[in-house]
Amino acid sequence: MGDFMTISSCRTALAAILLASVAFPAAAEPVFNRIASFAVADNLPEGDARKEATSAEIITATEDGNTLIYSDSPGKRIGLIDITDAKAPKPTGIVSFDGEPTSVTVAGTKALVAVNTRESFTKPSGFLATVDIATKKVDATCDLGGQPDSVAVNKDRTLAAIAIENERDEEVNDGKIPQMPAGDLVILSLKDGVADCATIKHVTLTGFAEVAGDDPEPEFVSFNGKDEIALTLQENNHIVIIDGKSATVKTHFSAGAVDLRDIDAKRDGAIAFKDEQQGRKREPDAVKWLDDNRIVVANEGDYEGGSRGFTIFDTTGKVLVESGASFEHAIASIGHYPEKRSSAKGIEPEGLEAAKFGEDNLFFVLSERASIIGVYKDTGAEPELLQLLPSGISPEGAIAIPSRNLLATANEVDLGEDGGARSHVMIYERGEGEAAYPQIRSADKDGLPVGFGALSGLAAVADKPGFLRAVNDSVYASQPTIFTIDATQKPALITETLRITRDGAPAQKLDIEGIANDGEGGFWLASEGNSDKLYAHALLRVNKKGEIKKEIALPEALRVGESRYGFEGVTVVGEGDDQVLWMVVQREWKDDEKGFVKLVSYKPSSEEWGAVRYPLEKADGGWVGLSEISVHGDYAYIIERDNLIGQAAKLKKLYRVALADLKPAALGGELPAVKKEEVRDLLPELKALNGYVVDKVEGFTVDAAGNGYVVTDNDGVDDSSGETLFFSIGAIDAM
């Protein structure tokens with residue numbers, strides 16, 4: 001493999017078990033797979049109303065497990081989803097409030113909704129609403145005397161606890177605390193699911209925390225089987241255990257700090273787990289009881305800390321398990337590491353759920369920034385990571401429904417205004433079979449994961465069926481890389497990396513969108529330019545060591561019409577002096593007839609340029625362009641797609657053009673138009689994992705055995721769920 005860097009598979013004992021369990025779940029063990037996704041906007045009326053911002057933050061379920069209820073703070077409402085058929089969720093409507101619902105839970109036939117009505121940060125207020133689920137009517141409200149956050153009920157549905165956060169204003173004093181008034185905990189009694197306002201008790205929490213002890217900011221509450229309440233004070237880095245019946249504090253302790261090693265703490269366009277952070281405060285968000293004596297907390301951080309993982313404590317504050325960076329490492333190995341969050345809090349574990357499925361005690365850790373749910377088995381000692389589940393963007397809350405073998409997540413981010421993915425509720429079912437995700441992962445190097453993402457182009461490894469090359473784009477501007485993929489494994493495995501260098505350093509100002517073999521052990525790369533960012537469209541020739549040996553700029557006849565949507569793929573026809581490169585231009589340039597884009601040719605031996613015109617399908621909203629070109633047999637195969645996501649996505653197809661028709665004309669004159677033939681609609685494969693349809697189908701190639709492979713670009717988890725879809729469409733010659 002020349003000078004490619006071989007990736008080993010060693011790691012610490014625990015992390016090795018975790019990675020192995022992600023990659024190869026035992027065939028006899030039940031697994032979770034996503035079975036449905038529900039766009040929150042579908043609960044709104046048809047028309048313009050569906051364009052408003054939505055969110056799904058905290059989620060719960062009715063006691064029969066047939067209805068999901070989520071909080072939608074921006075819309076000042078809760079939404080209900082009928083999941084009687086969990087594979088086909090149906091909108092059931094909304095309940096609106098004069099305030100922002102921050103949390104919701106269920107007690108019998110009622111939903112308890114915590115609603116924030118604050119006038120300002122210094123004048124917090126809120127109420128607890130009791131909603132009849134069947135009629136969607138508010139039965140009663142209780143004034144809580146402050147701004148509520150999390151709400152929970154005990155096992156027999158006789159008590160409710162509400163964290164009164166009274167959160168700080170991050171625009172005041174650089175967000176530093178204390179900022180009065182202080183928060184507290186409210187406990188009240190329930191009768192037939194209805195809150196009894198007359199029983200409200202306020203539990204004072206001042207004087208406990210070492211960090212701003214006079215300004216506690218409660219975040220999350222959870223009951224155990226003994227009616228004890230675990231409460232996190234996130235900004236105060238503290239945890240309090242309260243007796244729910246007497247409303248008295250039993251114990252409290254600092255959440256402490258973690259010495260983090262092997263993390264990426266720099267936002268620099270590269271993934272490198274070589275940094276350390278000493279004394280990183282945990283600052284836990286969600287908390288769940290694993291049994292009556294142990295709690296698990298998600299250490300998101302929000303003020304000064306965030307230790308990127310989770311911790312299991314006993315009720316005295318003794319640390320029983322500290323995950324450190326292991327969860328983050330496992331996430332990086334499947335391409336979900338959010339490099340742009342490196343200097344902050346990395347993957348930001350935020351939400352938690354815990355439940356018993358069959359004989360297995362499981363807990364679920366939600367990574368806000370990686371959009372991943374870690375499924376852990378509670379062993380009583382070191383937990384075992386069973387799976388990593390793909391989620392919508394920024395999972396905030398989860399609810400387990402063991403009676404139906406279901407798990408549902410609420411994903412809060414809505415990017416509809418910018419043409420991106422909407423907020424979603426996603427549903428997973430546990431059963432026999434294989435994990436459908438991930439479809440690609442990386443092996444380790446020197447005991448640490450090789451991070452990857454934003455895969456943008458594919459090429460086959462000559463004479464080696466099932467082996468491919470891939471490149472990443474400008475998301476990783478300081479780490480341009482050629483990856484080797486072993487697609488004979490399931491999931492496919494990134495086995496080697498080759499860094500692209502210029503004068504011995506990582507090559508800068510590249511946006512690599514295409515790769516092709518040069519016939520001499522090296523590669524041709526297509527780099528998309530952007531004059532606004534001061535780098536040009538270019539062809540690069542790279543040797544087997546990854547060194548750029550030649551950079552070929554566009555001729556003036558092409559540059560006069562250029563836009564920032566440039567070369568999106570490169571392929572090679574012929575050998576030696578007869579070798580010709582063909583590149584696809586993503587969208588129309590200034591000199592193109594509307595509805596046509598250029599396929600550009602370049603002959604290295606003579607340095608001749610030419611082009612033909614390729615007819616685009618008409619856009620049904622958004623725009624349509626090309627993403628890849630790859631030659632196999634007598635045809636050039638081309639990916640043509642729209643830039644739309646989810647339900648709006650209509651065009652994600654593979655076409656082909658006969659090589660005999662690729663007769664380039666000189667630039668600057670009339671260009672001949674080619675005919676295309678549809679080969680395959682890729683939408684079924686893009687829908688196969690039951691998430692929303694992603695927009696960027698970016699890579700395609702045909703391996704040495706004649707099988708076609710497709711990969712999507714996950715944008716490095718930036719404004720994306722981070723999912724990378726990698727799949728084979730089978731023998732191309734049979735299509």
Side-chain angles (χ1 to χ4, degrees), residues 39 41 46-48 50-51 415-422 456-457 513-514 526 528 537 558 561-569 571 582-601 611-630 635-659 661-665 667 670-687 692-700 708 710-713 715 725 729 735:
E46 293 285 353
D48 290 342
R50 291 205 175 182
K51 297 179 182 179
L415 300 173
E417 185 177 355
D418 299 320
R422 304 303 302 267
S456 58
E513 297 288 351
E528 185 176 34
H537 302 290
L558 269 179
E562 73 174 326
S563 77
R564 73 177 184 89
Y565 296 99
F567 291 162
E568 280 284 319
T571 193
W582 281 94
M583 289 72 65
V584 293
V585 177
Q586 186 177 57
R587 295 182 62 185
E588 300 107 318
W589 280 8
K590 299 170 187 175
D591 57 347
D592 286 321
E593 178 185 348
K594 185 169 180 59
F596 286 84
V597 291
K598 294 184 184 73
L599 307 185
V600 178
S601 68
V612 297
R613 294 185 299 147
Y614 177 97
L616 292 172
E617 297 297 299
K618 291 184 179 180
D620 185 8
W623 52 257
V624 169
L626 307 184
S627 287
E628 178 69 291
I629 183 169
S630 183
Y635 295 93
Y637 291 83
I638 294 170
I639 288 180
E640 186 173 348
R641 66 172 180 89
D642 57 28
N643 68 327
L644 302 176
I645 280 178
Q647 298 169 0
K650 298 294 188 297
L651 178 65
K652 316 288 181 184
K653 289 184 177 181
L654 182 67
Y655 292 88
R656 70 183 184 184
V657 174
L659 296 184
D661 289 344
L662 289 179
K663 298 176 180 178
L667 299 173
E670 183 69 21
L671 300 178
V674 298
K675 295 180 180 180
K676 67 182 184 182
E677 177 187 1
E678 181 178 328
V679 177
R680 190 182 186 100
D681 185 351
L682 299 174
L683 279 173
E685 281 89 0
L686 298 175
K687 294 177 179 179
Y692 64 82
V693 175
V694 297
D695 58 333
K696 293 188 175 180
V697 187
E698 291 277 309
F700 174 78
V710 177
V711 73
T712 63
D713 177 357
D715 284 326
L725 305 187
I729 59 172
M735 296 181 185

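Nothing fancy with the numbering, it's 1 onward along the sequence. Keep in mind it's a predicted model, so treat the numbers as computed, not measured.
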E685 and L725, any side-chain heavy atoms less than 4.5 Å apart:
no
Residue set satisfying side-chain hydrogen bond (donor to acceptor under 3.5 Å, both in side chains) with E417, at least two apart, ordered chain then number -> none
Y565 meets the side-chain hydrogen bond (donor to acceptor under 3.5 Å, both in side chains) criterion, sequence neighbours left out, with R587
Quiz item: Does a donor on one side chain sit under 3.5 Å from an acceptor on the other, for E677 and Y635?
Solution: no
**Q.** Ionic contact status for K675 with D661, cut-off 4.0 Å
**A.** no
Between P615 and V674, the two heavy atoms sitting closest are CD-O, 3.4 Å
Quiz: residues 641-649 side-chain donor-acceptor pairs under 3.5 angstrom, not counting sequence neighbours:
| residue | atom | partner | partner atom | Å |
| --- | --- | --- | --- | --- |
| R641 | NE | S627 | OG | 2.7 |
| R641 | NH1 | D695 | O | 3.3 |
| R641 | NH2 | E698 | OE2 | 3.1 |
| D642 | OD1 | L644 | N | 3.3 |
| D642 | OD1 | K652 | NZ | 2.8 |
| D642 | OD2 | K650 | N | 2.9 |
| D642 | OD2 | L651 | N | 2.8 |
| N643 | OD1 | W623 | N | 2.9 |
| Q647 | NE2 | D42 | OD2 | 2.9 |

Separation between OG1 (T571) and CH2 (W582), nearest 0.5 Å, reads 11.5 Å
For D591, the side-chain hydrogen bond (donor to acceptor under 3.5 Å, both in side chains) test, sequence neighbours excluded, returns K598
Heavy atoms of E562 and K590 approach each other most closely as O-CE, 3.5 Å
Close side-chain approach of K653 to D681, heavy-atom, < 4.5 Å: yes
message = Within the 4.5 Å heavy-atom criterion, are R680 and L682 side-chain neighbours or not?
response = yes
Heavy atoms of A421 and Y692 approach each other most closely as CB-CZ, 3.4 Å
Residue set satisfying side chain to side chain contact (heavy atoms under 4.5 Å, CB included) with A665, at least two apart, ordered chain then number -> L671, P672
Decide yes or no for L654 and V710: does some side-chain heavy atom of the first lie under 4.5 Å from some side-chain heavy atom of the second? no
What one should report as the nearest heavy-atom pair of W589 and G566 is CZ2-CA, 3.9 Å
Treating E528 as the side-chain partner and E568 as the backbone partner, does any N or O pair qualify as donor plus acceptor under 3.5 Å? no
(request) Flag the pair V584 / Y614 as yes when at least one side-chain heavy-atom distance between them is below 4.5 Å, and no otherwise. (result) no
Q) Hey, does M735 have a side-chain heavy atom less than 4.5 Å from the side chain of R656? A) no
For F567, the ring-ring contact (aromatic ring centres under 6.0 Å, His included) test, sequence neighbours excluded, returns none
S601 and P664 have their tightest heavy-atom pair at OG-CB, 3.3 Å
Report task. Test side chain to side chain contact (heavy atoms under 4.5 Å, CB included) on T712 and L686 and set out the steps. Result -> CA-CA 9 Å; T712 63; L686 298 175; 4.0 Å; yes
Worksheet item: Can you check whether L626 reaches L616 side chain to side chain, under 4.5 Å on heavy atoms?
Response: yes
Is there a side-chain contact between V657 and K676, using heavy atoms and a 4.5 Å cut-off?
yes
